[in-house]
Amino acid sequence: MLSLRAVVLSFLIYSTWCEELSFPPDFMFGAASAAYQVEGGWKAADKGESLWDALTHETPSKVFDGNTGDIACDSYNQWRRDIEMAAELGLSHYRFSLSWTRILPTGFANYISEDGKNYYNNLIDGLLARNIEPLVTIHHFDLPSIFQDMGGFTNPLIVDWFADFARVVYSLFADRVKYWISINEPLGLCDAGYNGVIAPALHSPDLAVYLCSKYVLLAHAKAWRIYDEEYKPKYHGKMTISQLALWFEPLREEDEERTALMNAFCEERFGHPIFKGNWPPDLAMLIEERSFEKGFSRSRLPSFTQQEAEYIKGTYDYYALNHYTTFLVKIAEGNESGIWPFTGAPEIGVVFRQGEGWETAAPSWFGIYPEGLRNQLNWIREKYGDVQILITENGYADDSNGLRDVERVQYIKNYLGEVLKAIKIDKINVTAYTAWTLMDNFEWLMGYKIKYGIYEVDFNSPNRTRTPRDSANYYASVIKNRSL
Ligand code: NOJ
């Protein structure tokens, strides 16, 4: 017979083992969406026009099949169902964004829409009534057209226009919203926006990309400071910017230096000014050199004044990471080209590859390498110290219909597995995971072709019927059991 000591010991070993395999009790599991991708109601009540309304209506050929977000998932009307889904899943938070022109139809803070105010009040109150924390992104790619027509994020005045919007939003919702993101993915906004990949879908990879980088940071900083000074003392919320941190690893040893530059280009360009102050020196030097080589008399990356650099530094309360994939970096030889030649690649002289045996999601650049997420979390800590990290997006893209999404289940399981290792083994301060996305939606220039939803949406049904996929059921069970 087992002695009492042996029983107690086995029990202790067993419970430590269970604990090692479980997410911490206060770990937050959520799902995300963004206004233009789900809401529809593009001209409901007094809503003004955003740059996506303009692009999809004026140049439909730029979007897959001429799709628009005019109705999208109709969350403008179906928001109750969205809350119900979040509750079905057992989410602790739901990340969504605010449509600027639904709240401020003219773009300016001279007039606040009652309808816009009511829509978000209903959503926020409805979530809180189900114990689901709203995590609000103030701006997610849908700038008022009027501002884009005046240069958008390349115009220094955007700093004040955005800050005015942020102030209105705090005055309306800060009493109930504790988690804020100022601007979603500056890399997406600037680099994809000015490489023709998302609206405004213009082509200025050499110049606009860098102007936009400067003013997006100042706009974020101003909004953060308003919150910090005027609202945080009362409501104790947290705010940051969210980073589309494309993750790069070297293909070979000789590719290491340029890989570090790629990570500087895509992440530190925005992280360094916020967490450490000013542009990352190696990147600033590289762009300056390249600018001289191209015959410019100064760097195309506009410098910060001392005062601006100080103003941006420290404007975070946590780190928000959107992670999807990893690229292997290789020095480009001759005219070699690789997958997805984003702005940084020609600037740094590299091409991207995928690892041997990696599976790919629907877009050919989307390689699946879960370990990359853990490596990146370690890198973030190395760069910025023991900052609290919320994973604010992670998800799998396919282009097929159906509810049996085996690959997405596997993706979530494997990526969450790496998050667990980062928490338990590496002791990284990751406190949240947010699945992209709650339901199929308008995937920017890919329209409705590419799907990331854990709920399927029937875009032919009048009320955009939502049905859980296997991945939604799997995610709900992870949340319930707090283990994979
Ligand atoms: C990042 C963006 O924030 C989101 O809008 C987009 O749909 C997903 N990635 C997937 O591409």
Side-chain angles (χ1 to χ4, degrees), residues 185-188 190-198 201-210 212-213 243-272 279-301 323-376 378-380 382-383 397 445-446:
E185 296 185 354
L187 181 77
C190 299
D191 296 43
Y194 290 98
N195 273 279
V197 181
I198 59 167
L202 296 172
H203 190 70
S204 177
D206 276 359
L207 294 164
V209 162
Y210 297 121
C212 173
S213 303
Q243 287 246 46
L244 165 61
L246 298 179
W247 176 239
F248 300 93
E249 297 191 6
L251 183 69
R252 309 155 304 178
E253 218 178 303
E254 59 263 45
D255 300 312
E256 277 172 11
E257 206 175 305
R258 300 221 191 164
T259 302
L261 276 170
M262 271 314 299
N263 283 320
F265 192 92
C266 290
E267 195 284 344
E268 290 176 85
R269 182 172 9 136
F270 306 104
H272 197 283
W279 300 119
D282 47 355
L283 182 72
M285 209 155 69
L286 175 97
I287 312 294
E288 186 173 65
E289 272 169 26
R290 290 275 181 276
S291 302
F292 292 152
E293 278 165 27
K294 289 185 173 187
F296 290 92
S297 53
R298 68 180 71 84
S299 178
R300 287 163 293 131
L301 183 69
H323 176 108
Y324 287 85
T325 185
T326 298
F327 296 91
L328 297 184
V329 173
K330 174 181 176 299
I331 298 172
E333 283 150 294
N335 281 336
E336 197 181 14
S337 65
I339 38 173
W340 202 14
F342 228 47
T343 277
E347 200 83 89
I348 294 166
V350 293
V351 291
F352 306 135
R353 298 274 183 264
Q354 286 175 3
E356 259 182 46
W358 290 9
E359 309 262 324
T360 43
S364 57
W365 49 263
F366 192 146
I368 298 172
Y369 180 59
E371 293 87 338
L373 175 53
R374 179 177 174 194
N375 297 342
Q376 186 172 37
N378 274 280
W379 180 91
I380 292 170
E382 261 165 50
K383 291 282 166 193
L445 294 185
M446 294 314 294

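Counting begins at 1 with the first residue of the sequence. Predicted, not measured: the structure shown is a model, and the values here were computed from it.
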Open item on the list: Under the criterion side chain to side chain contact (heavy atoms under 4.5 Å, CB included), I'd like the reasoning laid out for Phe265 against Asp191: C-alpha separation, chi angles, the key distance, then a yes or no.
Closed with: CA-CA 10 Å; Phe265 192 92; Asp191 296 43; 3.3 Å; yes
- [ ] With side chain to side chain contact (heavy atoms under 4.5 Å, CB included) as the test, would you mind laying out the steps for Glu185 and Ile198 before giving the verdict?
- [x] CA-CA 12 Å; Glu185 296 185 354; Ile198 59 167; over 6 Å; no
Open item on the list: When you measure from the side chain of Arg258 to the backbone of Val329, do you find a donor-acceptor pair of N or O atoms at a distance under 3.5 Å?
Closed with: no
Open item on the list: A side-chain contact here means heavy atoms from C-beta on lying under 4.5 Å apart; do Arg269 and Val209 qualify?
Closed with: yes
Task: Minimum-distance pair of heavy atoms, taken over all atoms of Ala397 and Ala361 - done: O-CB, 3.3 Å
Task: Heavy-atom closest contact (Phe248 atom, Cys266 atom, distance) - done: CE1-SG, 3.7 Å
Open item on the list: Nearest 0.5 Å, please: how far is CZ in Phe296 from CG in Leu207?
Closed with: 5.0 Å
- [ ] Measure the shortest side-chain to side-chain distance between Arg300 and Ile287 over non-hydrogen atoms and say whether it is less than 4.5 angstrom.
- [x] yes
- [ ] Find the distance between CH2 (Trp379) and CH2 (Trp247) and round it off to the nearest 0.5 Å.
- [x] 6.5 Å
TODO: Could you tell me the separation between the CD atom of Glu268 and the CH2 atom of Trp279, rounded to the nearest 0.5 Å?
DONE: 12.5 Å
Task: Steps toward side chain to side chain contact (heavy atoms under 4.5 Å, CB included) verdict (Thr326, Trp358) - done: CA-CA 10 Å; Thr326 298; Trp358 290 9; 3.9 Å; yes
Open item on the list: Run the salt bridge (Lys or Arg N to Asp or Glu O under 4.0 Å) test on Asp255 and Arg353 for me, step by step, so that the C-alpha distance in whole Å, both residues' side-chain angles and the decisive distance to 0.1 Å come before the verdict.
Closed with: CA-CA 12 Å; Asp255 300 312; Arg353 298 274 183 264; over 6 Å; no
TODO: May I have the step-by-step check of side chain to side chain contact (heavy atoms under 4.5 Å, CB included) for Gln243 and Leu187, ending in yes or no?
DONE: CA-CA 7 Å; Gln243 287 246 46; Leu187 181 77; 5.5 Å; no
Task: Separation between CD of Glu249 and CD of Glu256, rounded to the nearest 0.5 Å - done: 10.5 Å
- [ ] Using the salt bridge (charged side-chain N to carboxylate O under 4.0 Å, His left out) rule, collect all pairs that involve residues 323-335, keeping only residues at least two apart or in two chains.
- [x] Lys330-Glu333, Lys330-Glu336
Task: Gln354 side chain vs Ser364 backbone, donor-acceptor pair below 3.5 Å - done: yes
Task: Closest non-hydrogen atom pair, Ala264 against Leu283 - done: O-CD2, 3.8 Å
Open item on the list: How close do Thr360 and Gly367 get, counting heavy atoms only, and between which atoms?
Closed with: CG2-CA, 4.1 Å
Open item on the list: Treating Asn195 as the side-chain partner and Pro205 as the backbone partner, does any N or O pair qualify as donor plus acceptor under 3.5 Å?
Closed with: no
Open item on the list: Could you report the tightest heavy-atom contact between Ala208 and Ser204, atom names first, then the distance?
Closed with: N-OG, 2.9 Å
- [ ] Find out whether Tyr369 and Leu328 are in side-chain contact, i.e. whether some heavy atom of one side chain is under 4.5 Å from a heavy atom of the other.
- [x] no
Open item on the list: Determine whether Glu371 and Arg374 satisfy the following criterion, salt bridge (Lys or Arg N to Asp or Glu O under 4.0 Å), listing intermediate values before the conclusion.
Closed with: CA-CA 5 Å; Glu371 293 87 338; Arg374 179 177 174 194; over 6 Å; no
Task: Inter-residue atom distance Phe352.CZ - Thr325.OG1, 0.5 Å rounding - done: 11.0 Å
Open item on the list: Is it the case that the side chain of Asn378 and the backbone of Asn375 share a donor-acceptor pair, with hydrogens and angles ignored and the cut-off at 3.5 Å?
Closed with: no
Task: Reported OH-to-OG distance for the pair Tyr210 and Ser291, which is rounded to 0.5 angstrom - done: 7.5 Å
Open item on the list: Would you call the rings of Phe366 and Tyr324 parallel, tilted or perpendicular, taking 30° and 60° as the class edges?
Closed with: perpendicular
